[in-house]
Amino acid sequence: MSEILTYEEIAVCAKASYDLGVKKIKLTGGEPLIRKHIFKLVEMLSKIGFKDISLTTNGSLLTLYVNHLKNTGLSRVTVSLDTLDPQKFKQITRFDNIKDVTRSFDALDAVRFANTKINTVVMRNYNLEWIENLLKFALTRNYKIRFIEYMPSDYNKGFKQNFVSIDEVKTIIEKHHILKPTTYYKTNVPSKYYMLENTTYIVFTLIQSIKIKPRQHKLLDNNIHQPFSNIGG
């Protein structure tokens, strides 16, 4: 556990970055909400001066902390969600708590978080048929959704069988919607942004994966892609 930075150490690094001109910061993981009192770190970052503090989470613990996160200065939240089907969810995550995740969206809306996003990794044998349902779910709540290619690595043994290209995802969506590409929003991510007909905001993003080979580390194991991490501090 000594290799995990304390909140004070993270704040020192963040302050140095802020002084060099970095004005946005994201808390991610693993699962950041398993760190005890994560909202205290958000408060530290807010006091440094960051006006855009975001968090990516699997949503399973979000309802417990959403008020504290909002009150201490968190700007926005991205929730990883690959399916709305309880059985598929359990198969992908090995946890049986999809209700906790879906309730997290109600909690975010209740405290008026803006610009909520959903991240969906598309896998052929797990959630390909859920693309349209997830898109509709995002539309209903005025969220943005990002469909992400399954990332190849040494740990994803079923990569070839489950890989779905962003072009195929686009084709599936076009069966039900007229797409309007936009270049209004730019990032450093290899991504494409779309609005749907009769919408006035970017509804979904297609993000292309990058070939990586994870650095060997004692904290990494064969469950590296599992969205629920057991590593915390």
Side-chain angles (χ1 to χ4, degrees), residues 28-31 56-60 78-102 104-105 116-141 143-182 185 187-197 199 202-215 220-230:
T28 183
E31 174 48 51
T56 299
T57 172
N58 61 41
S60 61
T78 298
V79 179
S80 299
L81 181 65
D82 295 333
T83 182
L84 294 168
D85 179 78
Q87 293 303 316
K88 289 285 188 180
F89 181 87
K90 186 176 181 179
Q91 187 178 8
I92 293 169
T93 67
R94 304 180 190 176
F95 287 83
D96 191 19
N97 60 348
I98 191 171
K99 289 183 179 179
D100 292 335
V101 179
T102 53
S104 72
F105 294 110
T116 298
K117 296 183 179 71
I118 296 172
N119 279 351
T120 299
V121 177
V122 181
M123 295 170 283
R124 186 171 306 280
N125 295 322
Y126 291 96
N127 63 349
L128 188 66
E129 73 276 17
W130 277 90
I131 290 175
E132 177 63 17
N133 298 78
L134 287 163
L135 180 59
K136 287 181 178 178
F137 180 80
L139 278 169
T140 300
R141 291 179 176 263
Y143 297 161
K144 297 179 179 68
I145 183 166
R146 302 190 286 194
F147 294 106
I148 305 169
E149 284 184 351
Y150 191 38
M151 183 176 290
S153 80
D154 292 347
Y155 296 98
N156 295 339
K157 303 302 182 183
F159 168 73
K160 289 184 179 180
Q161 297 91 329
N162 283 298
F163 178 77
V164 180
S165 71
I166 56 173
D167 291 331
E168 184 175 349
V169 174
K170 178 174 177 285
T171 299
I172 291 171
I173 295 173
E174 285 178 320
K175 292 179 181 179
H176 305 280
H177 304 279
I178 297 175
L179 306 186
K180 297 187 293 182
T182 177
Y185 190 67
T187 72
N188 293 323
V189 178
S191 54
K192 299 177 182 179
Y193 299 87
Y194 294 90
M195 295 187 291
L196 303 185
E197 190 178 38
T199 63
I202 296 172
V203 174
F204 75 93
T205 310
L206 299 176
I207 301 180
Q208 192 169 18
S209 65
I210 301 173
K211 173 65 177 177
I212 65 167
K213 184 174 183 178
R215 178 173 62 88
L220 297 177
D221 59 24
N222 289 333
N223 294 326
I224 191 172
H225 185 70
Q226 184 178 335
F228 290 81
S229 172
N230 292 320

For residues [X] and [Y], report the shortest heavy-atom separation together with the two atoms involved.
{"X": "S191", "Y": "T205", "value": "CB-CG2, 3.7 Å"}
{"X": "S104", "Y": "G59", "value": "CB-O, 3.5 Å"}
{"X": "I172", "Y": "I131", "value": "CD1-CD1, 3.9 Å"}

When rounded to the nearest 0.5 angstrom, what distance separates [atom1] in [X] from [atom2] in [Y]?
{"X": "S165", "Y": "L206", "atom1": "OG", "atom2": "CG", "answer": "9.5 Å"}
{"X": "N127", "Y": "Q91", "atom1": "CG", "atom2": "CD", "answer": "10.0 Å"}
{"X": "K90", "Y": "I98", "atom1": "NZ", "atom2": "CD1", "answer": "12.5 Å"}

Please check if the side chain of [X] supplies one atom and the backbone of [Y] the other of a donor-acceptor pair under 3.5 Å.
{"X": "N125", "Y": "N162", "answer": "no"}
{"X": "R124", "Y": "V164", "answer": "no"}
{"X": "D82", "Y": "V121", "answer": "yes"}
{"X": "T120", "Y": "L81", "answer": "yes"}
{"X": "E149", "Y": "I166", "answer": "yes"}

ask   = Which of these, I145, T78, V79, T56, sits in a side-chain contact (heavy atoms from CB on, under 4.5 Å) with K117?
value =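 It is T78, the one option of I145, T78, V79, T56 that forms the side-chain contact (heavy atoms from CB on, under 4.5 Å) with K117.
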ask   = Only one of I207, N119, I118, I173 forms a side-chain contact (heavy atoms from CB on, under 4.5 Å) with F147, so which one is it?
value =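 The single option meeting the side-chain contact (heavy atoms from CB on, under 4.5 Å) with F147 is I173.
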query = Centroid-to-centroid, F105 to F137, below 6.0 Å?
reply =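 For F105 and F137, the ring centres are under 6.0 Å apart.
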query = So, Y150 versus F163, ring centres under 6.0 angstrom or not?
reply =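 Judged by ring-centre distance (under 6.0 Å), Y150 and F163 do not meet the cut-off.
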message = Would D96 and F89 count as a side chain to side chain contact (heavy atoms under 4.5 Å, CB included) here? Give the steps.
response = CA-CA 7 Å; D96 191 19; F89 181 87; over 6 Å; no
key: Crowding at CD, Q87 (>12 non-hydrogen neighbours, <6.0 Å)   =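 Result for CD/Q87: open.
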Distance-only donor-acceptor check, side chains D85 and T83, under 3.5 Å =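 No - no donor-acceptor pair under 3.5 Å links their side chains.
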